[in-house]
Amino acid sequence: MGGFNPNPAMFTPGGYPQHSPQPPNQQPHGLYPQPGGQMPQTQGPGMGYPGQPMPGYPQAPSPNPSMPGYGGGPAPNQPMPGYPRAPSPNPSMPGYGGGAMPVAPAINVRDTGKILSYCDNSTSKYYLGQVYILLSGKTIWKMPSSSLFLQRGFRGTIKDYPGADPLRDVEVLRKAMKGFGTDEQAIIDLLGSRSNRQRVPMLMAFKTSYGKDLVKDLKSELSGNFEKLVLAMLKTPSQLDAYELKEAIKGAGTDEACLIEILSSRSNAEIKELNQVYKTEYKKSLEDAISGDTSGHFRRLLISLAQGNRDERETVDISVAKQDAQALYAAGENKVGTDESKFNAILCSRSKPHLRAVGDQYMLGILTLCSLRVPVKCIKNTPAYFAERLYKSMKGAGTKDKTLIRIMVTRSEVDMLDIRQEYVKNYGKSLYTDISGDTSGDYKKLLLKLCGGSD
């Protein structure tokens with residue numbers, strides 16, 4: 001039975017997509033395109049420029065040869081120009097997607113009794129939200145259909161717009177805000193058709209073209225939740241995460257759910273980038289901020305998660321998973337009181353596939369600690385976790401707009417399609433329908449752009 005060692009870079013983590021080797025002219029540099037490369041010419045509806053054929057701008061010369069990724073840019077392997085407060089290039093952060101991910105081959109797994117390995121003679125079947133791995137017709141392993149092992153391809157709703165040019169984009173924004181009144185629809189059409197790595201350079205392009213601050217101009221023209229959504233879309237992933245954590249900690253009361261959401265769903269590289277940006281932006285380490293606003297076991301849990309030191313291997317040693325399950329049983333159910341440190345150590349250091357295997361043995365069934373239950377739910381099924389967060393943000397009187405905005409922006413280039421599937425499966429109606437019924441005006445229009453359609 002011939003096996004092979006899978007390349008972890010082929011698989012997508014529960015947070016932002018994992019970086020994998022890029023085809024020619026695709027970016028390895030986080031939010032920004034590869035120098036000298038061309039934007040991938042994926043077809044699809046989008047917002048063009050007035051008077052220009054859709055979907056792009058063929059043969060249009062670059063108005064600024066110093067900006068990477070567009071016609072006339074610098075030669076490959078030259079230093080990239082920096083944008084304001086942009087994170088350093090990070091191979092593991094593709095910045096909310098940025099086009100179709102390479103498709104991994106079909107993956108089959110088997111339980112040897114010791115390790116979960118890959119082989120070439122097993123099959124899989126889908127039934128009631130579970131994928132059953134079969135060997136010689138016998139079920140040997142099952143996992144949620146949204147498991148990391150099975151996610152392949154790009155699962156976001158916002159992709160790179162072919163041929164987008166930040167200098168031409170800011171002309172559209174300037175025209176929308178110039179004179180009496182504001183053309184909100186032009187802003188919605190533009191931002192709703194650009195990926196994060198195409199939106200962020202608009203900040204520098206606007207200042208270069210007009211000598212003004214785009215954020216200040218938008219704040220003077222927009223208001224309410226529509227303004228908050230637009231500004232969130234102009235932050236890098238790590239800037240938005242840092243801002244949301246800062247808001248969750250400051251003032252009376254702590255938004256514990258926000259802290260858990262971000263720290264449980266991001267990769268090691270994203271958490272390390274987040275720590276750097278937080279320190280730069282707020283002159284205080286994230287760990288110090290957490291320590292000053294939380295206490296007890298919850299504080300220790302958050303500090304552990306904020307280290308970004310989780311094992312990220314995709315293979316699972318079933319024997320170790322069983323040992324961890326037994327250790328958790330000994331720490332919890334089999335004694336008076338609970339040894340929270342044992343739960344903390346396993347939950348914050350083991351890989352997510354490993355924790356899913358432990359969960360099958362023990363953890364997901366008997367966890368009683370509220371501070372641990374939520375991160376476990378995120379690890380067990382990330383899209384279902386975010387679907388639940390979105391549902392609760394709109395359920396009942398009033399809308400938790402901060403939660404709604406944060407999740408719609410951060411997941412629109414990661415796994416929004418999977419979140420939509422979990423939403424309709426668990427709540428009987430589409431995410432698109434609930435957003436339409438719970439929000440209004442320009443705010444609703446831009447949220448629906450991020451949602452990408454109904455199910």
Side-chain angles (χ1 to χ4, degrees), residues 13-15 241-242 244-268 270-272 274-275 278-279 282 284-312 320-382 384-386 388-389 392 400 402-403 406:
D241 282 348
E244 290 294 316
L245 291 177
K246 175 69 172 178
E247 292 294 301
I249 291 172
K250 79 173 188 179
T254 302
D255 187 349
E256 296 181 354
C258 173
L259 298 176
I260 287 291
E261 173 196 310
I262 292 175
L263 294 176
S264 295
S265 64
R266 305 316 193 233
S267 70
N268 288 345
E270 290 156 359
I271 291 176
K272 291 181 187 301
L274 165 59
N275 275 280
Y278 195 97
K279 183 67 175 290
Y282 305 113
K284 187 178 186 180
S285 73
L286 176 59
E287 183 174 328
D288 287 344
I290 291 171
S291 296
D293 202 67
T294 58
S295 61
H297 178 69
F298 186 62
R299 173 198 288 168
R300 294 191 293 273
L301 172 68
L302 293 177
I303 290 177
S304 294
L305 291 172
Q307 302 311 302
N309 199 33
R310 181 186 300 281
D311 179 3
E312 292 187 327
V320 176
K322 290 179 178 178
Q323 291 172 11
D324 281 351
Q326 293 167 357
L328 291 175
Y329 178 81
E333 198 175 60
N334 197 34
K335 59 183 288 187
V336 178
T338 300
D339 183 358
E340 296 175 345
S341 63
K342 178 62 69 174
F343 283 86
N344 194 92
I346 292 174
L347 184 62
C348 298
S349 64
R350 300 301 199 200
S351 72
K352 292 181 179 180
H354 176 93
L355 291 174
R356 291 190 183 98
V358 171
D360 283 346
Q361 302 290 326
Y362 169 85
M363 185 167 56
L364 300 178
I366 65 96
L367 268 180
T368 57
L369 298 172
C370 291
S371 59
L372 294 174
R373 191 180 303 128
V374 175
V376 167
K377 289 172 69 174
C378 180
I379 290 167
K380 177 185 177 184
N381 187 334
T382 303
Y385 165 77
F386 280 109
E388 180 183 3
R389 294 278 290 149
K392 289 182 176 179
K400 297 180 178 65
K402 284 181 66 65
T403 300
R406 179 178 63 252

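These numbers come from a predicted model, not from an experiment. In this chain, numbering begins with 1 at the start of the sequence shown.
More than 12 heavy atoms of other residues, nucleotides or ligands shown are found within 6.0 angstrom of NZ on K402.
Here the CG atom belonging to D288 is positioned 7.5 Å from the NZ atom belonging to K279, to the nearest 0.5 angstrom. Taken to the nearest 0.5 Å, the CD atom of E287 stands 9.0 Å off from the OG atom of S304. We find the CD1-CG distance between I346 and D324 to be 4.0 Å, quoted to the nearest 0.5 Å. With rounding to the nearest 0.5 Å, the separation of NZ in K352 from CG in L347 is 10.0 Å. Here CZ of R300 is found 14.0 Å from CD1 of I290. Values are rounded to the nearest 0.5 Å. With values rounded to the nearest 0.5 angstrom, S267 atom OG is found 10.5 Å from L274 atom CG.
Scanning both residues, C378 and T382, for their nearest heavy atoms gives O-OG1, 2.9 Å. Closest non-hydrogen pair, R406 versus I262, comes out as CD-CD1, 4.1 Å. The two atoms that bring A321 and V358 nearest to each other are O-CG2, 3.6 Å, heavy atoms only. The two residues S291 and I303 make their nearest non-hydrogen contact at OG-CD1, 3.3 Å. Scanning both residues, C348 and L305, for their nearest heavy atoms gives SG-CD2, 3.7 Å. Shown here for N275 and A306, the closest heavy-atom pair between the two residues is ND2-O, 3.0 Å.
A donor-acceptor distance shorter than 3.5 angstrom exists from the side chain of R356 to the backbone of I379, with no hydrogens or angles considered.
Contact check for E244 versus E261: no side-chain heavy atoms found under the 4.5 Å cut-off. Residues Y385 and S265 fail the side-chain proximity criterion, which asks for heavy atoms closer than 4.5 Å. Under the 4.5 Å side-chain criterion, counting only non-hydrogen atoms from C-beta, L302 is in contact with I260. Side-chain atoms of R310 and I271, non-hydrogen and from C-beta on, never get closer than 4.5 Å to each other.
In this structure A248 satisfies the side chain to side chain contact (heavy atoms under 4.5 Å, CB included) test together with D255, C258, L259, sequence neighbours excluded. K246 meets the side chain to side chain contact (heavy atoms under 4.5 Å, CB included) test with Y278, Y282; sequence neighbours excluded.
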Verdict with supporting geometry, D311 and H354, side-chain contact (heavy atoms from CB on, under 4.5 Å): CA-CA 9 Å; D311 179 3; H354 176 93; over 6 Å; no
